[in-house]
There are 2 protein chains.
Amino acid sequence: MSNSNPSPLTPMLRKMELWAAFSDSDREALLAMPHTLKTIKEGHYIVRDGDKPTHSCVMLTGFTYRHKIVGAGARQIVSIHRAGDMVDLQNSLLGTADHNVQALTRAEVAFIPREAVKEIAFARPAIGFAMWYDTLVDGSIFREWVANVGRRDARTRMAHLLCEFALRLEAAGLSEQTHYELPMTQEQLADCTGLTPVHVNRMLKELDKGGFIQRDKRAVTIADWRRLAEIGDFQRGYLHLGGDQSAALQ
Amino acid sequence: MSNSNPSPLTPMLRKMELWAAFSDSDREALLAMPHTLKTIKEGHYIVRDGDKPTHSCVMLTGFTYRHKIVGAGARQIVSIHRAGDMVDLQNSLLGTADHNVQALTRAEVAFIPREAVKEIAFARPAIGFAMWYDTLVDGSIFREWVANVGRRDARTRMAHLLCEFALRLEAAGLSEQTHYELPMTQEQLADCTGLTPVHVNRMLKELDKGGFIQRDKRAVTIADWRRLAEIGDFQRGYLHLGGDQSAALQ
DNA sequence: CGCCCATTTGACAGCTTTCAAATCGCGTGG
DNA sequence: CCACGCGATTTGAAAGCTGTCAAATGGGCG
């Protein structure tokens with residue numbers, strides 16, 4: 001797309017530079033990594049629990065999510081990913097996938113051989129640190145989700161999730177600060193929060209009637225960020241996006 | 001303790017060698033890392049949410065746990081750690097702690113400057129990879145915990161947690177396969193599972209009466225591993241301990 | 001021996017789920 | 001352009017799992 005840099009891997013570079021200072025040669029090396037482009041249709045799997053993936057997958061456009069299926073058949077979504085994210089660094093480096101990765105929307109992705117990832121990570125410390133940091137931020141978000149589903153009531157969980165999405169999408173330049181398109185069904189929101197779709201619906205309605213959010217189709221407008229963040233017990237520190245950790249959204 | 005190698009950092013080496021092949025010079029370099037020994041009393045904090053730790057903490061003896069406090073005042077424990085674990089690699093590398101680390105029992109620990117950790121990780125790829133892998137396994141366990149508190153009922157959650165402890169303690173050489181000392185109160189178990197202490201008590205009683213476990217003080221004996229694993233929807237793959245992922249405990 | 005904390009037990013309340021059905025939204029085909 | 005069909009959303013009523021509250025019991029330690 002860009003004249004100055006036509007590599008499709010640019011979204012990955014953009015994200016990693018949030019976390020580490022790269023030299024020009026780091027940038028060139030990162031963008032020159034071997035990769036295969038592919039388009040994944042909505043709902044299709046990228047990795048399945050138990051697979052032994054040989055490639056890591058970088059998202060270029062669209063959304064994906066990671067989930068686990070428990071014995072009773074219920075699904076728990078453990079994370080949502082967007083352009084720039086390396087969605088199965090975990091699975092490919094660990095060897096055997098411990099969860100599924102599925103396309104939430106149509107998504108363009110690039111597959112990079114896991115050996116190439118390991119090589120560049122140790123050949124170029126700035127890149128290696130950015131990748132490591134990225135997996136650490138993922139871990140921080142997992143911890144917050146454990147607390148969210150473990151110790152917050154339904155209303156708080158939903159508000160928290162909406163706040164998280166707002167900040168992460170905004171950080172990726174994919175939305176305005178208080179308005180975004182959320183390509184998820186209420187059933188998927190339920191699987192993020194450990195609730196039922198019916199109850200998600202009720203909580204969204206409450207937040208809407210209370211004047212904290214407005215909904216139009218699947219688009220969400222946060223009408224009152226400060227109060228939504230209060231309701232959702234939301235503090236942005238765990239996202240490690242930098243900036244004032246305690247500040248409300250401007 | 002050991003004549004051949006008196007470094008107190010040996011438990012960390014032991015754990016990391018589960019995941020990467022080290023050369024002799026790797027081992028020497030790891031054990032020679034600069035560190036300060038300290039004993040932490042039961043209940044004392046090692047890191048608090050919001051701190052900016054400059055050192056990473058390696059556990060030598062005892063247990064610690066990581067937890068978050070939500071707005072309503074409830075506590076969610078997100079992980080339990082034992083000898084060999086680097087309990088705040090996450091906090092120290094991310095810069096600002098997003099959770100608390102507290103001693104579950106009296107614990108001996110070694111503090112290593114975070115810059116020394118970063119240096120050795122990139123100077124010695126085998127060590128760097130082992131550390132990265134370690135944080136990835138942590139992430140895998142977080143994902144399982146999200147699913148555990150999000151999509152399993154109380155009985156299943158408790159059984160799952162007991163199975164996880166059994167395997168992790170056994171992998172660390174801290175217990176027999178079907179019998180271990182669990183230094184946690186029922187209130188702490190409740191904070192791991194997102195339940196109340198009262199309900200944890202009820203579930204433990206049920207598992208005991210059903211003949212799946214036996215309790216003596218805080219020691220747990222797993223009387224019927226296969227059925228406890230069934231009840232707990234437990235599959236060991238997410239622990240990435242190697243071996244047959246689907247095998248029942250021998 | 002007595003205190004204190006953890007465990008255990010019982011009764012009841014309540015948040016969330018379950019089950020069903022109606023409504024809405026939107027792409028497709030007549 | 002409108003009817004149809006199907007999935008998603010919405011709503012209501014009732015059940016149930018887990019939480020809350022309270023009190024009794026038990027165990028360890030000074």
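Any value given below was found using the heavy atoms of this structure, including those in side chains, with hydrogens, waters and symmetry copies removed. Order of the sequence lines fixes the chain letters, A, B, ..., with proteins taken first and strands second; residue numbering starts at 1 for each chain.
Taking every side-chain heavy atom of A:Ala154 into account, C:dT16 is the closest of C:dT18, D:dT20, C:dT16. If you check D:dA8, D:dT18, C:dT16 against the side chain of B:Leu195, the one that comes closest is D:dT18. Checking C:dT16, D:dG19, D:dG27 against the side-chain heavy atoms of B:Lys217 singles out D:dG27 as nearest. In the set D:dT10, C:dT16, C:dT9, the nucleotide with an atom closest to the side chain of A:Arg215 is D:dT10. Minimum atom distance to the side chain of A:Val198 is reached by C:dT18, of the listed C:dA6, D:dT18, C:dT18. Distances from the side chain of B:Arg218 to the nucleotides D:dG19, C:dT17, C:dA6 place C:dA6 closest.
Under a cut-off of 6.0 angstrom, the local environment of CZ in A:Arg155 is crowded, with over 12 non-hydrogen atoms contributed by other residues, nucleotides or ligands. Heavy atoms of other residues, nucleotides or ligands lying less than 6.0 angstrom from CZ of B:Arg227 number 12 at most.
Atom CG of A:Asp153 is separated from atom C1' of C:dT16 by 11 Å (rounded to the nearest Å). Per the geometry, NE2 belonging to B:His199 stands 14 Å off C1' belonging to C:dG10, to the nearest Å. Look at CD on A:Gln186: it is 6 Å from C1' on D:dT9, rounded to the nearest Å. Here the P atom of nucleotide D:dT11 and the CE atom of A:Met203 are 12 Å apart, to the nearest Å. If you take CD of B:Glu187 and P of D:dT20, they are 12 Å apart, rounded to a whole angstrom. We find that CD of A:Glu206 is positioned 12 Å from P of D:dT11, with the value rounded to whole Å. For the pair B:Gln188 CD and C:dT7 P, the interatomic distance rounds to 9 Å; values are reported in whole Å.
A donor-acceptor contact under 3.5 Å links the side chain of A:Arg202 to the base of C:dT17.
Between B:Glu144 and B:Arg152 a salt bridge is recorded (basic side-chain N to carboxylate O distance below 4.0 Å).
Between A:Arg152 and B:Lys209, the residue anchored nearer the 5' end of DNA chain C, judged by the nucleotide with its closest heavy atom, is B:Lys209.
Below 30°, between 30° and 60°, or above 60°: for B:Tyr238 and B:His160 the angle between ring planes is below 30°, a parallel geometry.
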Test A:Tyr65 against A:Gln102 for side chain to side chain contact (heavy atoms under 4.5 Å, CB included), laying out the working first. CA-CA 6 Å; A:Tyr65 62 103; A:Gln102 197 172 0; 3.0 Å; yes
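Phosphate contact (OP1/OP2 of D:dT10, side-chain N/O of A:Asn201, threshold under 4.0 Å): present. The side chain of B:Lys205 contributes an N or O atom lying less than 4.0 Å from OP1 or OP2 of C:dT9.
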